> 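Dumping the structure here so I can ask a few things about it.
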Amino acid sequence: AMLQARIRDLQHKIASARVIDHSELDASKALMGATVRVLNKKTKKEMTYMLVSPVEADMAHGKISVRSPVGQALLGKSVGDVAQAEVPAGKLELEILEITR
């Protein structure tokens with residue numbers, strides 16, 4: 001029964017998957033598939049994140065979900081914008097330094 005549930009889950013993910021053509025996306029905004037370099041305004045540390053779907057998220061490799069608090073805060077922002085994310089440790093202010101595809 002557990003294997004059948006897993007198979008159904010994978011079939012659903014495959015059926016709802018979409019291919020994104022990055023050449024048609026606005027390269028000046030942080031969208032899914034973009035790599036975003038940010039500066040944490042409080043700690044003055046730079047971090048780099050790749051915005052991915054929840055299925056692909058892997059913090060060990062810098063891939064964060066667009067549904068995570070930080071991912072949601074970064075979505076649609078441009079270079080120079082400051083994104084605010086509410087995380088368990090408090091409020092994060094992240095200044096967007098660079099967006100690459």
Side-chain angles (χ1 to χ4, degrees):
M2 289 175 41
L3 289 176
Q4 285 300 322
R6 178 76 175 135
I7 290 169
R8 279 193 304 277
D9 180 54
L10 291 172
Q11 286 174 332
H12 172 73
K13 287 177 183 174
I14 291 170
S16 62
R18 295 182 311 157
V19 175
I20 297 174
D21 184 359
H22 291 286
S23 66
E24 295 177 5
L25 298 177
D26 184 358
S28 67
K29 298 208 181 283
L31 302 172
M32 188 167 353
T35 300
V36 183
R37 188 168 56 95
V38 298
L39 174 69
N40 183 322
K41 303 282 266 179
K42 185 176 181 180
T43 64
K44 304 296 184 204
K45 284 188 176 181
E46 284 188 19
M47 297 165 281
T48 303
Y49 300 118
M50 181 175 195
L51 300 174
V52 297
S53 73
V55 175
E56 299 174 276
D58 182 2
M59 268 306 290
H61 292 100
K63 295 179 178 183
I64 61 169
S65 167
V66 292
R67 291 190 186 160
S68 69
V70 173
Q72 287 179 345
L74 293 174
L75 271 180
K77 300 285 193 287
S78 300
V79 172
D81 290 349
V82 175
Q84 294 186 357
E86 188 69 41
V87 296
K91 236 183 208 177
L92 281 181
E93 284 191 356
L94 304 170
E95 180 181 352
I96 298 177
L97 303 174
E98 180 183 26
I99 300 170
T100 56
R101 297 262 175 240

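Every heavy atom of this structure was used, including side-chain atoms; hydrogens, water molecules and symmetry mates were not. Quick caveat, the model's predicted, so the values are computed rather than measured.
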> Would a hydrophobic clustering, with Ile, Leu, Val, Met, Phe, Trp and Tyr connected at side-chain separations under 4.5 Å, put Val87 with Val36?
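Yes, because Val87 and Val36 connect within a single hydrophobic cluster, where side-chain heavy atoms sit under 4.5 Å apart.
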> Shared ILVMFWY cluster between Met32 and Leu74, side chains joined below 4.5 angstrom?
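Hydrophobic grouping puts Met32 with Leu74.
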> Quick check on the hydrophobic clustering: are Met47 and Val66 connected, directly or via other members, by side-chain heavy-atom contacts under 4.5 Å?
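In one cluster: yes.
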> Kindly give the heavy-atom pair with the smallest separation between Lys44 and Lys41, and that separation in Å.
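The pair with the smallest heavy-atom distance is NZ-O, 3.2 Å.
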> Met50, Leu31: one ILVMFWY side-chain cluster at the under-4.5 Å cut-off?
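As far as the 4.5 Å side-chain criterion goes, Leu31 and Met50 are not connected within one cluster.
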> Can you find a heavy atom in the side chain of Glu93 that is under 4.5 Å from one in the side chain of Lys42?
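A side-chain contact is absent here, since even the closest heavy-atom pair is not under 4.5 Å.
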> If you take all heavy atoms of Leu97 and Val79, which pair is closest and at what distance?
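For Leu97 versus Val79, the nearest heavy atoms are O-CG1, 3.5 Å.
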> Does Leu3 CG have over 12 foreign heavy atoms under 6.0 Å away?
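No, the 6.0 Å shell around CG holds no more than 12 heavy atoms from other groups.
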> Is Ile64 close to Leu51 at the side-chain level, that is, under 4.5 Å between some pair of heavy atoms?
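A side-chain contact exists here, since the closest heavy-atom pair is under 4.5 Å.
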> Closest heavy-atom contact between Gln72 and Arg67?
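Nearest heavy atoms, Gln72 then Arg67: NE2-O, 3.4 Å.
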> Group every Ile, Leu, Val, Met, Phe, Trp and Tyr by side-chain heavy-atom contacts under 4.5 Å, then state whether Leu75 and Met59 land in the same group.
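Yes, because Leu75 and Met59 connect within a single hydrophobic cluster, where side-chain heavy atoms sit under 4.5 Å apart.
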> Can you name the nearest heavy-atom pair linking Leu94 to Val70, along with the distance?
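Nearest pair, atom of Leu94 first, then Val70: CD1-CG1, 3.8 Å.
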